[in-house]
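Residue numbers begin at 1 in each chain, while the letters A, B, ... track the order of the sequences.
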Number of protein chains: 2
Amino acid sequence: MATSTPSSADLATADQAPSATPAFSPLYQQIKGLILQSLEAGEWKPGEAIPSEMDLAARFRVSQGTVRKAIDELAAENLVVRRQGKGTFVATHSEQHVRYRFLKLVPDSGDEGPAQRSILDCRRLRASAEVARSLALRTGDPVLQVRRVLSFGGVPTILEDMWLPGNTFKGLTAEQMAAHQGPTYALFELEFGVRMVRAEEKIRAVAADAQQAQLLAVDEGAPLLSVERLSYTYNDVPMELRRGLYRTDTHHYRNDLS
Amino acid sequence: MATSTPSSADLATADQAPSATPAFSPLYQQIKGLILQSLEAGEWKPGEAIPSEMDLAARFRVSQGTVRKAIDELAAENLVVRRQGKGTFVATHSEQHVRYRFLKLVPDSGDEGPAQRSILDCRRLRASAEVARSLALRTGDPVLQVRRVLSFGGVPTILEDMWLPGNTFKGLTAEQMAAHQGPTYALFELEFGVRMVRAEEKIRAVAADAQQAQLLAVDEGAPLLSVERLSYTYNDVPMELRRGLYRTDTHHYRNDLS
DNA sequence: CAGTGGTCTAGACCACCAA
DNA sequence: TGGTGGTCTAGACCACTGC
């Protein structure tokens, strides 16, 4: 080996063990993995530029094209943002040019100002079986629960509960959340170094119970959109379970299929 | 010009007119546009292979790499499917390896058999203002409306209405829809040459009215997921408006964010 | 075995940005 | 003006498929 692609001499050839699945992994995938490790280790902070393609190519002893393809995939996964003439930057939930990255609820017509947030509750508790399963914890592990309401133009629109691993988000308080400006995920990045990278949502229609109805100023039994979101950091580690109840009388959940 | 990239001599340089926006368009984008035209014109049918990268490169007087990048984008948009060692194929809703391409409703647990369909209604009528606006028609233009129920394991789960431009889908009958096996969008491809390429969905929670409740075997007022889908063919031409009501007591709408 | 898509390289040049 | 990402080419070789 090492003759056909001389510059990849010190990278895994990935076919040493004659296992059932040869598991051939192209060079650019390995480079992608290495960049991912640096990203994960915090070598470059959110919002910062990563080294130029040339630099990375030199560092990994690989051609620029190979680095390019690795970064292409990272960019496609929104882990990194390319800006021509400037560089490639670590994606962030702060200064995200356009609103909230994971919130797909949009007003039926027109624009709207920023959300007004009110924290209703923020407490430490022990993980229920369900929460533990979702967050890959053990039942009874410390968990932080936050409940809040988001309003648009004075109309309460979203009631959501968040569950966070207690160990990772040790110092989080209601005051801190109330004081913070911008997306909650930006706060997670800045204060706890936790970067949400992707999420899965399960959506249902449910009827509002008495308490929910009161908090969202709708009738009891009114239909609400239930959005259960599980957010992941790097390496598919689940880091937040969130259950939102959305009023959809003036807003709707927008999704693009292809 | 024509000196730096000699092989692109006969393709638009796209910067002839000194307009406000230079509108620079890279070669591979132009190639993509040309392939798109052929796709659109039906030069290759859904499921068929398009010419090899080498052939296309020769045809457009361009390097293989440039064609490759054009096809990469088409593949990313699901207009085309690459299969190593075999070729590149026009995407289709038939033989789509995995279930229904645009349906994001999945059972809460386990798998399930295919849907049982029952066509409730199929009639020709005149477009309402709302339908006309969605389908880019004029109010009063001929429109075809189909109503049906999909059941899983005998449980009615989806009630949907579809509105289709009457001119394009002239001969469509309830019998035809009932007889057809597989995705409805496959039927559209085979019988009418209409390929749905992307779609936008607006999702809300609503309460079932008396009729809807009866058809879905739920109580009146029960919360249902309302999914309004507008599907497009090539060139962003809207071709179908569909309004589905989903029961979400045993299923949920699944969405992945990144 | 030939043909297809997939990877990798090396080098040239272009578009964009900031200083 | 120099650096960054973006485009384009040409050629070599690899992995997969089917005859």
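- B/Arg148 meets the side chain to side chain donor-acceptor pair (under 3.5 Å) test with B/Glu160, B/Thr184; sequence neighbours excluded.
- The existence of a salt bridge linking A/Arg101 and A/Glu189 is excluded, since no basic side-chain nitrogen approaches an acidic carboxylate oxygen closer than 4.0 Å.
- Picking from D/dC8, C/dT9, C/dT7 the nucleotide with the shortest atom distance to the side chain of A/Pro26 gives C/dT7.
- Sequence neighbours left out, the pairs with a member in residues 227-236 of chain A that pass salt bridge (charged side-chain N to carboxylate O under 4.0 Å, His left out) are A/Arg198-A/Asp236, A/Glu201-A/Arg229.
- In this structure, B/Arg82 places its CZ atom 16 Å from P of D/dC16, rounding to the nearest Å.
- B/Gln29 places its CD atom 8 Å from the P atom of D/dT7, with the value rounded to the nearest Å.
- Closest to the side chain of A/Arg68, out of D/dT9, C/dG6, D/dG6, is D/dG6.
- Of the residues in residues 50-59 of chain A, those with a non-hydrogen atom less than 4.0 angstrom from any atom of DNA chain D are A/Ser52, A/Glu53.
- Between the OH atom of A/Tyr28 and the P atom of D/dC13 there is a distance of 21 Å, given to the nearest Å.
- Among residues two or more places apart in sequence or in another chain, the salt bridge (Lys or Arg N to Asp or Glu O under 4.0 Å) test is passed with A/Asp256 by A/Arg254.
- Partners of A/Arg83 according to the salt bridge (Lys or Arg N to Asp or Glu O under 4.0 Å) rule, which considers only residues two or more places apart in sequence or in another chain, do not exist here.
- When rounded to the nearest whole Å, the span between NZ of B/Lys69 and P of D/dA10 equals 17 Å.
- Defining each end axis of the helix from C/dC1-D/dG18 to C/dA18-D/dT1 as the rotation carrying four pairs' C1' atoms onto the next four, with five pairs an end, the two axes are found to diverge by 10° to 10 degrees.
- Using a 4.0 Å heavy-atom criterion, one finds that B/Arg83 contacts the sugar-phosphate atoms exclusively.
- Taking atom CD of A/Gln64 as the reference point, atom P of C/dA12 lies 13 Å away to the nearest angstrom.
- Rounding to whole angstrom units, CZ of residue A/Phe24 and P of D/dC13 are separated by 16 Å.
- A centroid separation of less than 6.0 Å is found between the aromatic rings of B/Phe188 and B/Phe169.
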Listed pairs, N/O of protein and of nucleotides 17-19 of chain D, under 3.5 Å:
residue: D/dG18; atom: OP1; partner: B/Lys86; partner atom: NZ; Å: 3.4

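- Scored by the ring-ring contact (aromatic ring centres under 6.0 Å, His included) test, B/Phe152 finds B/His251 as partners (sequence neighbours excluded).
- Judged as a side chain to side chain donor-acceptor pair (under 3.5 Å), and not counting sequence neighbours, the contacts of A/Asp108 are A/His252, B/Arg204.
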Begin from the C-alpha positions of B/Tyr253 and A/Asn255 and carry the test side-chain hydrogen bond (donor to acceptor under 3.5 Å, both in side chains) through to its verdict.
-> CA-CA 11 Å; B/Tyr253 184 104; A/Asn255 200 23; 2.9 Å; yes
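- Under the side chain to side chain donor-acceptor pair (under 3.5 Å) criterion, B/Lys202 pairs with no residue, sequence neighbours left out.
- Taking the salt bridge (Lys or Arg N to Asp or Glu O under 4.0 Å) definition, one finds that A/Lys69 meets it with nothing, sequence neighbours left out.
- A search for salt bridge (Lys or Arg N to Asp or Glu O under 4.0 Å) contacts involving A/Lys32 returns A/Glu73, A/Glu77, not counting sequence neighbours.
- Here D/dG6 presents its P atom at 15 Å from CG of B/Asp72, a figure rounded to the nearest Å.
- Contact check, A/Thr88 against D/dT4: no side-chain N or O comes under 4.0 Å of OP1 or OP2.
- Taking atom CZ on A/Phe89 and atom P on C/dC17, their separation rounds to 12 Å, with Å as the unit.
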